[in-house]
Amino acid sequence: MKWKRIVVKVGTSTVCHKNGAPDLRRLEKLCRTLTDLKNMGLEIILVTSGAIGVGTNKMHLSQRPESIAKRQAAAAIGQCELMRVYDRFFMDYGCLSGQILLTKGITEDTKGRENVIATLGALLEMEAIPIVNENDSVATEEIVYGDNDTLSAVVAQFANADVLILLSDIDGLYDKDPSIDPSAKLISVVKNPEDVIHMASDSNTKLGTGGMVTKISAAKIARTQGIPTVLANGKDPGILYDIILEDEIPGTLFEV
Ligand code: GLU
């Protein structure tokens, strides 16, 4: 197996329907696939978005709240629901999982960082899947990651991961915006993220944050630690088998 310790990041558009409700069919397959890969001897860490999306839906709002307090409330409500769904699906397949909520303050503090690294290590040793998100309900606006692409790269560094896999609603990095230009071509290998940053345009969906800019920047952070990044489409979480077990990567590989 080319990689043993793997960080998988899933975005809001992968785990939620457009209205923010959890996409149960996809989440079920994600949990089954991750458990199966873990059962093959791999160590998996999941970084998941979706708290604010799920909370927004539960609060019967059509888009994420503008006010910080309400957005933090949405995260508080949504995170519970998200974890309930994950825990239930992972338990169905006999897999332990545990929630780790991080803030930038914790990850930038030496002692805090040591604690996070130790907890991740202990969970993996117990063959559990750590499920990480930013602690959006308490994060202070001045010191916030704000997007889980960056957070997942930091987690990959902490965990000394072999690869970071970003599952998104796009097949990979294109040389042009494929939603505007049908002649856009998928770039299958990127040697250095610096070479492609100019191709990225950012986007914020109604529920999530992060676009291509944050993905390339995550690849850049991971690369400083010698960790390759794969960007692929998460609409079928079974794609993880192809990425991890096959030679040809269906998406974009950011080499180191
Ligand atoms: N932490 C946010 C959430 O759970 C997602 C941030 C992002 O979209 O990257 O909703």
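Asp36 and Tyr241 form a side-chain donor-acceptor contact under 3.5 Å, judged by distance and modelled atom types alone. Judged by distance alone, the side chains of Thr252 and Tyr174 never bring a donor and an acceptor atom under 3.5 Å apart.
The distance from atom OG1 of Thr14 to atom CG of Asp236, rounded to the nearest 0.5 Å, is 11.0 Å. A distance of 11.0 Å separates CD1 in Ile77 from CG in Asn57, rounded to the nearest 0.5 Å. Rounding to the nearest 0.5 Å places SG of Cys95 at 4.5 Å from NZ of Lys38. Here the CD1-CG distance, from Ile187 to Asp171, works out to 13.0 Å after rounding to the nearest 0.5 Å.
Within a 6.0 Å radius of CE in Met91, no more than 12 heavy atoms belonging to other residues, nucleotides or ligands are found. More than 12 heavy-atom neighbours from other residues, nucleotides or ligands sit within 6.0 angstrom of CD on Glu255.
Leu120 approaches Ala159 most closely through the heavy-atom pair CD1-CB, 4.4 Å. Between Gly251 and Leu186 the shortest heavy-atom distance is O-CD2, 3.9 Å. Nearest heavy-atom pair, Leu167 versus Gly234, reported as atom, atom and distance to 0.1 Å: CB-CA, 3.9 Å. The minimum heavy-atom distance linking Pro178 with Ala184 is given by the pair CA-CB, 3.8 Å. Of all heavy-atom pairs spanning Gly50 and Leu82, the tightest one is C-CD2, 4.0 Å. Shown here for Ala51 and Asn133, the closest heavy-atom pair between the two residues is CB-ND2, 3.6 Å.
Between Val230 and Leu164, the closest side-chain pair of non-hydrogen atoms is not below 4.5 Å. Proximity of Val15 to Ser49: side-chain heavy atoms (C-beta onward) are nowhere separated by under 4.5 Å. Using a 4.5 Å heavy-atom cutoff, the side chains of Ile45 and Leu124 are in contact. With contacts defined as side-chain heavy-atom distances shorter than 4.5 Å, the pair Cys16/Val54 qualifies. A 4.5 Å side-chain heavy-atom check between Leu34 and Leu46 finds at least one atom pair inside the cut-off. Between Val7 and Ile165, the closest side-chain pair of non-hydrogen atoms is not below 4.5 Å. Here the side chains of Phe254 and Pro228 are not in contact, with every heavy-atom distance at 4.5 Å or above. Residues Thr35 and Phe89 are not in side-chain contact: their nearest non-hydrogen atoms beyond the backbone lie 4.5 Å or more apart.
No donor-acceptor distance shorter than 3.5 angstrom exists from the side chain of Lys191 to the backbone of Val256, with no hydrogens or angles considered. With hydrogens and angles disregarded, no donor-acceptor distance shorter than 3.5 Å links the side chain of Lys104 to the backbone of Glu134. Under a 3.5 Å cut-off, the side chain of Asp23 and the backbone N or O of Arg26 do form a donor-acceptor pair. A distance-only check finds no donor-acceptor pair linking the side chain of Thr140 to the backbone of Ile143 [under 3.5 Å]. No donor-acceptor pair closer than 3.5 Å links the side chain of Asp181 to the backbone N or O of Lys176. No donor-acceptor distance shorter than 3.5 angstrom exists from the side chain of Arg71 to the backbone of Ile52, with no hydrogens or angles considered. Between the side chain of Asp109 and the main chain of Gly112, a donor-acceptor pair closer than 3.5 Å is present.
Under 4.0 Å is where a charged nitrogen must lie from a carboxylate oxygen, and between Lys235 and Asp169 no such pair does. Between Lys215 and Asp149 a salt bridge is recorded (basic side-chain N to carboxylate O distance below 4.0 Å). Look at Arg113 and Glu108 and you find no salt bridge, because none of the NZ, NE, NH1 or NH2 atoms lies under 4.0 Å from a carboxylate O. A salt bridge is defined here as a Lys NZ or Arg NE, NH1 or NH2 lying under 4.0 Å from an Asp or Glu carboxylate O, and Arg25 with Glu28 fails to meet this definition.
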Next on the checklist: Set out, in order, the CA-CA distance, both residues' side-chain angles and the distance that settles side-chain contact (heavy atoms from CB on, under 4.5 Å) for Val116 and Thr119, then state yes or no.
Outcome noted: CA-CA 5 Å; Val116 174; Thr119 309; 5.8 Å; no

Item to check | Intermediate values then yes/no, side-chain hydrogen bond (donor to acceptor under 3.5 Å, both in side chains), Ser97 and Tyr86 | outcome: CA-CA 8 Å; Ser97 64; Tyr86 274 122; over 6 Å; no

Item to check | CA sep, side-chain torsions, deciding dist, call: Leu240, Asp242, side-chain contact (heavy atoms from CB on, under 4.5 Å) | outcome: CA-CA 5 Å; Leu240 286 166; Asp242 303 329; over 6 Å; no

